[in-house]
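In what follows, a single structure is set out as structure tokens and then discussed.
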Protein chains: 2
Amino acid sequence: MTASRTARERVRAELTREIADIARRQLATEGAGGLSLRAVAREMGMVSSAVYRYFPSRDDLLTTLIIDGYNALGEAVEQADAACPDDDYAGRWLAACHAVRTWALAHPHEYALLYGSPVPGYQAPQDTVAARVRDVAVLGRIVSQAQAAGAVDPPALAPAPPAPLREDAERVRELMPGVPDDVVFRCLAAWTGLYGWVSFELFGQFTNTIEDRHTAFDHAMRVMGGAIGLR
Amino acid sequence: MTASRTARERVRAELTREIADIARRQLATEGAGGLSLRAVAREMGMVSSAVYRYFPSRDDLLTTLIIDGYNALGEAVEQADAACPDDDYAGRWLAACHAVRTWALAHPHEYALLYGSPVPGYQAPQDTVAARVRDVAVLGRIVSQAQAAGAVDPPALAPAPPAPLREDAERVRELMPGVPDDVVFRCLAAWTGLYGWVSFELFGQFTNTIEDRHTAFDHAMRVMGGAIGLR
DNA sequence: AAAAAACGAGAGCACTGCTCTTGACGACTG
DNA sequence: CAGTCGTCAAGAGCAGTGCTCTCGTTTTTT
């Protein structure tokens with residue numbers, strides 16, 4: 001009973017996964033806007049309307065791709081962090097940065113879907129919010145542990161964050177307990193620097209300028225890690 | 001003769017401009033992917049094929065919008081810089097940052113066109129490269145002048161940039177003569193941090209996290225200016 | 001005034017997302 | 001076991017897209 005019902009549900013789940021896989025492949029080659037439900041259906045040997053049994057709309061397909069992407073990226077960052085010695089906080093930060101860049105270079109269109117401009121008619125549902133904290137949570141954990149170990153020694157760069165920012169810092173601190181406001185905002189700046197760099201590299205802003213991109217990225221991330229104060 | 005020829009060319013130029021304006025308005029409301037040549041034609045009371053007399057393809061229309069956007073942003077940054085006292089280098093950097101953010105908030109879809117993920121089938125031609133240096137040229141000028149005035153005092157953040165990066169630094173230095181390699185890469189990091197922050201804010205990565213965005217941005221840019229070493 | 005170039009309009013092609021209906025097959029129940 | 005009910009693939013169809021081609025008309029050039 002449950003078995004037979006599961007039999008059907010299982011083929012359904014499999015087809016759903018297959019559709020998502022083909023869509024991801026299409027996304028990888030054509031880009032976000034080139035993702036066509038009809039093309040997916042063609043490649044599956046189905047008629048277009050049949051796909052709608054599995055994904056009510058193109059946006060729902062996009063949503064699963066986005067969530068999967070956040071999870072894949074988050075997992076890559078988590079693994080890179082876990083491969084480092086626990087107390088090498090600067091090294092862990094650097095490894096996490098490289099993991100983000102490596103994943104982005106390997107999945108450029110997927111990265112664009114996550115961190116590029118929003119797809120035209122698409123409005124990201126709340127489901128995607130939960131998945132996207134995984135990567136930044138890693139950064140938060142690194143800094144939080146470094147702080148606890150007394151391995152954060154931020155150089156003087158600017159006046160302390162003004163009072164109105166205390167609430168915002170408090171919210172961010174949920175991901176990095178024990179970290180003072182000043183360092184929290186340094187992390188935010190480094191975080192945006194990381195993704196800004198990767199986006200610039202991926203979206204072509206570095207053409208004819210930065211050629212040795214791996215080395216330049218590595219150095220830039222060391223600078224940002226230093227700005228946080230990681231030893 | 002020239003006058004009569006100019007008569008036709010003038011109406012052509014005017015129509016071309018009008019098409020671009022309508023497209024820009026559509027871009028502002030619908031976003032990049034929602035830009036439709038047919039809709040532009042409808043709004044102009046033309047038939048769609050007539051628009052192709054003025055823009056051979058949708059991509060050409062996009063290209064002019066992009067170039068115009070780069071110029072508009074560059075001009076905004078230039079003006080913000082010019083409004084500051086020449087020797088207040090940190091203030092000029094901050095003003096330039098705020099100009100970028102303000103323009104981006106006022107023209108979100110246009111900003112997305114410039115700095116977001118590339119539009120699906122669209123390949124940016126070389127024409128767009130020339131226009132996009134205007135904003136970064138301002139930053140380069142600020143730092144270059146600060147350096148000449150001895151107003152750059154970079155705090156120790158990381159080891160010096162490794163040797164392979166000298167060529168890249170040389171290329172970037174064309175926009176900021178006299179600035180040492182170390183500072184060049186700090187500028188690059190700050191530059192990506194600036195656009196990374198604006199992109200995050202615009203593309204929704206700060207929702208439910210950073211609320212006082214103006215203050216947070218201001219503080220983050222002060223941190224980055226401090227990381228460059230601007231006094 | 002005649003030839004040439006530019007123009008707007010229209011029809012048409014191939015494509016898209018999406019809806020609705022139809023017919024068939026499978027699974028659960030009386 | 002037979003009947004019902006839900007699920008499914010298929011097809012037609014709608015409205016929209018970018019883009020091409022042709023056909024008269026107008027404007028410029030010769």
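Protein chains get the first letters and strands the later ones, always in sequence-line order, with residue 1 at the start of each.
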Checklist outcome for this item: Regarding the side chain of B/S49, the nearest nucleotide among D/dA10, D/dC19, C/dG10 is C/dG10

Next on the checklist: Nearest to the B/L37 side chain among D/dC8, D/dC19, C/dG17, which nucleotide is it?
Outcome noted: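 In terms of side-chain proximity for B/L37, the closest of D/dC8, D/dC19, C/dG17 is D/dC19.
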
Next on the checklist: On the side chain of B/R53, is there an atom forming a donor-acceptor pair with the base of C/dG8 - under 3.5 Å, no angle test?
Outcome noted: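 A donor-acceptor contact between them is present.
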
Hey, does [X] reach any base, or is it just sugar-phosphate, or nothing, if we go heavy atoms under 4.0 Å?
X: B/S57; result: sugar-phosphate
X: B/Y54; result: sugar-phosphate
X: A/L61; result: nothing

Report the distance from atom [atom1] of [X] to atom [atom2] of [N], rounded to the nearest whole Å.
X: A/L35; N: C/dC15; atom1: CG; atom2: P; result: 17 Å
X: B/E30; N: D/dG16; atom1: CD; atom2: C1'; result: 13 Å
X: A/E18; N: D/dC8; atom1: CD; atom2: C1'; result: 16 Å
X: B/F55; N: D/dC19; atom1: CZ; atom2: P; result: 13 Å
X: B/E14; N: C/dC7; atom1: CD; atom2: C1'; result: 16 Å
X: A/D60; N: C/dG17; atom1: CG; atom2: P; result: 14 Å
X: B/M46; N: C/dA9; atom1: CE; atom2: P; result: 7 Å
X: A/Y52; N: D/dG11; atom1: OH; atom2: P; result: 17 Å

Checklist outcome for this item: When A/F203, A/F200, A/Y195 are each screened for ring-ring contact (aromatic ring centres under 6.0 Å, His included) with A/Y115, the one that passes is A/Y195

Is any side-chain N or O of [X] closer than 4.0 Å to OP1 or OP2 of [N]?
X: B/R38; N: D/dG16; value: no
X: A/R12; N: D/dC8; value: yes
X: B/R42; N: D/dT17; value: yes
X: A/S36; N: C/dG17; value: yes

Next on the checklist: Do the side chains of A/D21 and A/R17 get close enough for a salt bridge, i.e. N-O under 4.0 angstrom?
Outcome noted: yes

Next on the checklist: Regarding A/R173 and A/D181, does a basic nitrogen lie under 4.0 Å from an acidic carboxylate oxygen?
Outcome noted: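 Here A/R173 pairs with A/D181 in a salt bridge, since their nearest N and O are under 4.0 Å apart.
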
Next on the checklist: Looking at B/H107 and B/W103, would you say the former's side chain and the latter's main chain have a donor-acceptor pair under 3.5 Å?
Outcome noted: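 Pair found, side chain donor or acceptor close to backbone of B/W103.
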
Checklist entry - Considering all heavy atoms of both residues, which atom of A/L65 and which atom of A/A23 are nearest to each other, and what is their separation? => result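 That closest heavy-atom pairing would be CD1-CB, 4.1 Å.
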
